[in-house]
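Quick caveat: nothing in here was measured; it's all calculated off a predicted structure. Here is how names work: the chains are called A, B, and so on, in the same order as the sequence lines, proteins then strands, and each is numbered from 1.
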Amino acid sequence: MAISSKYDPSEIEHKWYSYWMDNGYFYSKPDSRPAYTIVIPPPNVTGILHMGHMLNNTIQDILIRRARLLGFNACWVPGTDHASIATEAKVVAKLKESGIEKKDLSREKFIGHAWNWTHEYGGVILEQLKKLGCSCDWERTKFTMDEDMNAAVIKTFVDLYREGKIYRGFRMVNWDPEAQTTLSDEEVIYEEKQDLLYYLSYELEDGSGTVTIATTRPETILGDTAICVNPNDERYKSLVGKYAIVPVCGRRVPIISDDYVDIEFGTGCLKVTPAHDMNDKILGEKHNLEVIDILNPDGTLNQLGLHYEGQDRAVARKAMAKELEQIGVLVKTELITHKVGTSERTKAIIEPRLSDQWFLKMEDLAEPAIEAVLSSDAINFFPKKFENTYRHWMSNIRDWNISRQLWWGQQIPAYYYGEGNNDFVVATSKTEALDMARTISGKVDLRIEDLRQDADVLDTWFSSWLWPMSVFDGINHPENEEFKYYYPTNDLVTGPDILFFWVARMIMAGYKFSEQKPFSNVYFTGLVRDKQRRKMSKSLGNSPDALQLIEDFGADGVRVGLLLSAAAGNDLLFDDALCQQGKGFANKIWNAFRLVKGWEVSDTNQPKENELALEWYTHKFDQAIAEIDDHFDKYRLSDALMTTYKLIWDDFCSWLLEAIKPEYGQPIDCTTYDRIIVLFEQNLKILHPFMPFLTEEIWQQNAIRQNHEALVVADWPKSNGFDPNFIAQFESVKEVVGQLRALRKSQQIPFKEQIQVLVYGNMDFSAELVGVIKKLTNLSEMKTVNQKEDGALSFRIGSTEYFVPVSGPVDTEGELIQLKEELKYTKGFLKAVQGKLSNERFVGNAPESVVAIEKQKEKDALEKIEMLQNRIESLEI
RNA sequence: GGGCGCUUAGCUCAGUUGGUUCAGAGCACUUGGUUUACACCCAAGGGGUCGGGGGUUCGAAUCCCUCAGCGCCCACCA
């Protein structure tokens, strides 16, 4: 039955994925081979596949599949992240839809809902990765809230606490009023926003006048406890030490001075609200100011907000502005652009807020992590430029706020046994906590029910920073075989957006808890954008449906499409056309296979030119392999793919297959055939990491398959070295063929019409190479002559001239024009070269080899000019 | 405000230590081609004074300075 000329991936992809799974090819356990490990950046458990995942996981799969072919024990650990705040927000939203408010639920009930949600949607994304072809060891699938993962988190927390690295502090933190939790600094996204700057005048207590301040948040005047001016500001020197009256609430506040205040900004007078601004907090501490918190956790004003109590801060702001205007306090307003912190997850505007939180000291952890990346090269970033970003952040690292006022996540293992803020112990279990509490408090009758666990959960990243270790149970059981075998892992593939959130912290955790690096190489992917360079986003609707893409172009097509323009760290401008190119490539290979498979094989002798063409391709292949390996070593995957693409499409299909292809209907000799099959298989191997499905399909249909049943576990070809001279010689063949094709085109000589080629000068082609040329351009003969052919068509390569005699009249006008142009150019070139050579400074300073090259150029140019002139003369007669 | 990076063909990007092979690739484009694997194809071809200016050098896309434009990261400017 004839095979379709259209490659149809749909059935094939499903078939081979099942086959790989059924045969356990992705399954890994420790053995005598060296391990090659990648841990997946765990996607949000409730997430669905988007373009970023597609790119990221395609890259990981390419690396892991190649490692498998190279003979490593390849292990790719998949899994998902509980994504504390993101998942909790989704669950809250979903409950709301069915009329349930989080606040009406008990903690246990809510967590039950979250687990239901997790079980329902968790793993959807992993199933989608299978469609992409990802060869993860699915038996190792982990979730950051698995029992053992939780245990690792708790152990880590307890250890760090006991070491004094974790502490509790009443501090100004980033508060998300929507999710009603704190956020780490990294979770706050600053956005430019236009807002009104309100100028407000406060009466002075002594009635001597007013002082005008500028603020973007008039509602917070209710929390004002001072006014501050710069000590060097001549305008206000006399005011310092006086008191002003805050409008609306009538509070008497001191006028103080501090260098912090910028004389240029606004009026040069700053209202100080220590409870609602980081800097004001600092000022407050310095000047011993009262702290008045006017906000509730949800962002509404509390009773200190007076008649604005219960109103959201944004609502209260407008109302307050109105009131201030009515009572004549509002002097003017001005539109300004400033940066406002928003929550990465909920997009709510962040409120600086004072509260009790848990912090992790980072400075000591950072030290070896900096060293590993920047000094010792134990860990390498690709592209390297991210090392700069890393250094900058790491050397200015701040303590990490690790507590979150959420329910979904690992609850902080601190247990309070008394009313005091410090009446707590930190322990791995409640029973252990009880023992400790009894000892510390001296209350031997303390019961387990008397213990109250801290309500907060840990930041999601506090579990994921352990990921490369905890997936192998390396935190609780560092001596276990698997951990010792697979860890440190090899490559990490992720986006630069989580360089600080995750990558840096994993490195710190690695050195802290395993005294080793967690991975050797970090490959940063770029952002996937659309053709207009816009980020892909739901609201823009410019993100293609990942699964639909796979359906339309095949997983292989999409993988190639993504890789084609995805140099490490560069943003990828996604375009369907790239997937189309990938699909086209699949089809091209498919048809090459159809061609070969369709040949009849005879036991006739192998024509010499076939042997030669095959040998050329073998050299070319070895050259390409060396290049591809080099690209892989440098994590230049696009280049590795492009080299493979050109090798297969141009060299294999367009040159080799065309050169050895038998006449229509004729059989091919068995020697050539066998060689082609082997080479075809070699091609499949290097292509397999990029296009796993297509290559496995062809491999399985192919005849030979030496040692391996499946391509997925075949061996990566080794370069046997190559002869550049041999390749160069064949390149000359290509050049002659190209010239003859061009000549045919310009003279409109159809391919079917045989032509004769006469060569004047040195023809250093063997008879076999001539055979290749004859076949590729349909020549009757190609021979050397002792005399130039008059009136024939001609072209030159080097110092050799080629003539094609034709029967009819020859159109020499075009050639003449070309020749004259070439002559003009060559003369100019010669002049430049001679100019250089007559420059004493050049001859004196340049290395001899460079001068020699210039001399050779001069000689060649002179020869060429003579030849061109002769040719022009002969044509003009 | 501080730091980092980018600017090369219509588009997306390579160009490692300055020197034959340095001005490249893929796509797009133009022209011609289809009973003979593939029109998701074949063949040939056009296209860039390497962002502007200055400097170092015998020689600069490559090193230095400067200007312009773009991007990213960090930072408490009300």
Side-chain angles (χ1 to χ4, degrees), chain A residues 3 5-7 172 185 190 197 213-217 220 228 260-262 264-267 269-273 277-283 336 338-339 341 352 383 385-393 396 496-497 499-500 527 531 533 553 557 564-567 569-573 575 577-578 580-599 634 636 638-639 641-643 645-646 653-654 657-658 661 663-665 728 737-739 741-746 748 750-751 836 839-847 849-854 856-857 860:
Chain A
I3 314 173
S5 69
K6 300 258 183 286
Y7 172 64
M172 185 70 75
D185 294 339
Y190 286 91
L197 184 64
I213 57 94
T215 179
T216 52
R217 305 194 57 189
T220 63
C228 191
Y260 164 72
V261 176
D262 180 355
E264 303 296 318
F265 190 89
T267 60
C269 294
L270 171 74
K271 74 192 237 345
V272 186
T273 322
D277 186 280
M278 302 274 184
N279 300 301
D280 291 11
K281 165 83 184 332
I282 296 165
L283 275 177
I336 60 157
H338 63 155
K339 291 201 170 174
K385 65 179 174 185
F386 288 111
E387 290 183 3
N388 280 328
T389 317
Y390 177 81
R391 172 183 37 228
H392 191 254
W393 189 77
N396 295 296
D497 50 330
L499 171 56
F500 308 134
L527 239 49
K531 270 186 278 189
R533 276 195 187 276
F553 301 106
L564 274 174
S565 73
N570 277 6
D571 284 355
L572 166 76
L573 273 51
D575 185 348
L578 290 171
Q580 186 56 50
Q581 194 185 343
K583 189 179 176 188
F585 186 38
N587 201 58
K588 177 73 184 177
I589 298 162
W590 180 247
N591 279 286
F593 178 60
R594 274 179 67 219
L595 171 71
V596 172
K597 200 175 158 75
W599 282 334
K634 293 173 179 150
R636 304 178 61 138
S638 299
D639 292 337
L641 172 58
M642 190 44 72
T643 305
Y645 182 93
K646 285 191 280 192
C653 293
S654 298
L657 289 183
E658 291 303 325
K661 187 159 92 175
E663 294 291 318
Y664 181 61
V737 169
Q739 289 284 357
R741 280 171 178 162
L743 193 144
R744 272 183 188 280
K745 188 181 175 185
S746 74
Q748 296 184 311
F751 184 81
K836 256 190 194 178
N839 182 343
E840 274 171 37
R841 286 185 301 175
F842 171 73
V843 181
N845 292 317
S849 63
V850 174
V851 177
I853 286 159
E854 291 303 315
Q856 185 62 43
K857 277 189 196 168
D860 290 347

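- The side chain of A:Cys653 has B:rA37 as its nearest neighbour among B:rA78, B:rA37, B:rA44.
- Among the protein residues, A:Phe386 comes within range of no part of the nucleic acid, since none of its heavy atoms lies under 4.0 Å from any strand.
- Taking atom CZ of residue A:Arg744 and atom C1' of nucleotide B:rG32, one finds them 14 Å apart after rounding to whole Å.
- Nucleic acid contact class of A:Tyr7 (heavy atoms, under 4.0 Å, all strands): none.
- Rounded to the nearest Å, the gap between the P atom of B:rG10 and that of B:rG3 is 35 Å.
- Going from the P atom of B:rA23 to that of B:rG48 covers 14 Å, rounded to whole Å.
- Counting all heavy atoms, side chain and backbone alike, A:Asp280 lies closest to A:Lys271 at OD2-O, 3.4 Å.
- Put simply, A:Lys588 has a side-chain N or O that comes within less than 4.0 Å of OP1 or OP2 on B:rC42.
- Residue A:Gly665 is the one, among A:Gly665 and A:Lys339, whose nearest nucleotide of RNA chain B lies closer to the 5' end (criterion: closest heavy atom).
- B:rA14 and B:rC58 have their C1' atoms separated by 29 Å, with the value rounded to a whole Å.
- Comparing the P positions of B:rC11 and B:rA28 gives a spacing of 15 Å, expressed to the nearest Å.
- Among the heavy atoms of the strands lying under 4.0 Å from A:Arg636 are primed sugar atoms or P, OP1, OP2 only; no base atom is included.
- Comparing the P positions of B:rU20 and B:rC67 gives a spacing of 33 Å, expressed to the nearest Å.
- With sequence neighbours left out, A:Asn845 forms a side chain to side chain donor-acceptor pair (under 3.5 Å) with no residue at all.
- As a whole-Å value, the separation of A:Arg594 CZ from B:rA37 C1' is 5 Å.
- Within the nucleic acid shown, A:Arg391 has no heavy atom closer than 4.0 Å to any nucleic acid atom.
- Using a 4.0 Å heavy-atom cutoff across all strands shown, A:Asn570 reaches sugar-phosphate atoms only and no base atom.
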A:Trp599/A:Lys661 under side-chain contact (heavy atoms from CB on, under 4.5 Å): CA gap, chis, key distance, verdict: CA-CA 9 Å; A:Trp599 282 334; A:Lys661 187 159 92 175; 4.2 Å; yes
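- One distance of note links OH of A:Tyr260 with CG of A:Leu270; it measures 6.5 Å at 0.5 Å rounding.
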Just do the side-chain contact (heavy atoms from CB on, under 4.5 Å) check on A:Met172 and A:Ile282 with the steps written out, would you? CA-CA 10 Å; A:Met172 185 70 75; A:Ile282 296 165; over 6 Å; no
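- Pairs passing the side chain to side chain donor-acceptor pair (under 3.5 Å) check and including a residue from residues 587-596 of chain A, sequence neighbours excluded, read A:Asn591-A:Arg594.
- Residue-to-nucleotide contacts include no donor-acceptor pair under 3.5 Å from the side chain of A:Lys583 to the base of B:rC40.
- Atom CG of A:Asp571 is separated from atom C1' of B:rU7 by 15 Å (rounded to the nearest Å).
- With sequence neighbours excluded, the residues that form a ring pair (Phe, Tyr, Trp, His ring centres under 6.0 Å) with A:Phe593 are A:Phe680.
- With both ends at atom C1', the span from B:rC27 to B:rA9 equals 12 Å, rounded to whole Å.
- If you check every strand for non-hydrogen atoms under 4.0 Å, A:Pro352 touches nothing.
- When all heavy atoms are compared, the tightest approach of A:Leu578 to A:Leu564 is O-CD1, 4.2 Å.
- Each of B:rA37, B:rC27, B:rG19 was ranked by its minimum atom distance to the side chain of A:Val850; first place goes to B:rG19.
- For A:Ser638, no side-chain nitrogen or oxygen approaches OP1 or OP2 of B:rC13 to under 4.0 Å.
- Residue A:Leu573 is classed as a sugar-phosphate contact, given heavy-atom separations below 4.0 Å to backbone atoms only.
- A donor-acceptor contact under 3.5 Å links the side chain of A:Lys745 to the base of B:rU31.
- Residues satisfying the side chain to side chain donor-acceptor pair (under 3.5 Å) test with A:Asn388, not counting sequence neighbours, are A:Arg391.
- When heavy atoms are screened at a 4.0 angstrom cut-off, A:Val272 is found touching no nucleic acid atom at all.
- A sub-4.0 Å separation between OP1 or OP2 of B:rG33 and a side-chain N or O of A:Arg741 is absent.
- The distance from atom NZ of A:Lys281 to atom P of B:rC77 is 17 Å, rounded to the nearest whole Å.
- Summarising the geometry, the separation between OH on A:Tyr664 and C1' on B:rU34 is reported as 14 Å, rounded to the nearest angstrom.
- Of all heavy-atom pairs spanning A:Ala592 and A:Cys653, the tightest one is CB-SG, 3.9 Å.
- For RNA chain B, each stem of at least three Watson-Crick or G-U pairs (distances under 3.5 Å) is given as range with range: B:1-7 with B:68-74, B:10-13 with B:24-27, B:29-33 with B:41-45, B:51-55 with B:63-67.
- Looking at A:Glu658, its side chain comes within 3.5 Å of the base of B:rA37 through a donor and an acceptor atom.
- Evaluation of the side chain to side chain donor-acceptor pair (under 3.5 Å) rule for A:Asp639 yields A:Arg636 as partners, not counting sequence neighbours.
- An OP1 or OP2 oxygen of B:rA78 is reached within less than 4.0 angstrom by a side-chain nitrogen or oxygen of A:His338.
- Residue A:Lys6 is the one, among A:Lys6 and A:Phe842, whose nearest nucleotide of RNA chain B lies closer to the 5' end (criterion: closest heavy atom).
- Listed pair A:Lys661 / B:rA37 meets the phosphate criterion, a side-chain N or O lying under 4.0 Å from OP1 or OP2.
- The side chain of A:His392 has B:rC74 as its nearest neighbour among B:rC74, B:rC76, B:rG26.
- Of the candidates B:rG19, B:rG5, B:rC76, the closest approach to any side-chain atom of A:Tyr190 belongs to B:rC76.
- One can place OH of A:Tyr645 at 14 Å from P of B:rA25, the figure rounded to the nearest angstrom.
- Relative to the side chain of A:Phe500, the nucleotides B:rA43, B:rC74, B:rA78 differ in distance, and B:rC74 lies closest.
- A:Leu564 places its CG atom 14 Å from the C1' atom of B:rA14, with the value rounded to the nearest Å.
- Atom name P, nucleotides B:rC70 and B:rA75: the rounded distance is 24 Å, in whole Å.
- B:rU49 and B:rA60: their C1' atoms are spaced 14 Å apart (whole Å).
- With hydrogens and angles left out, the side chain of A:Asn388 and the base of B:rC4 share no donor-acceptor pair within 3.5 Å.
- Note: CG (A:Asp277) to P (B:rC76) measures 11 Å, nearest angstrom.
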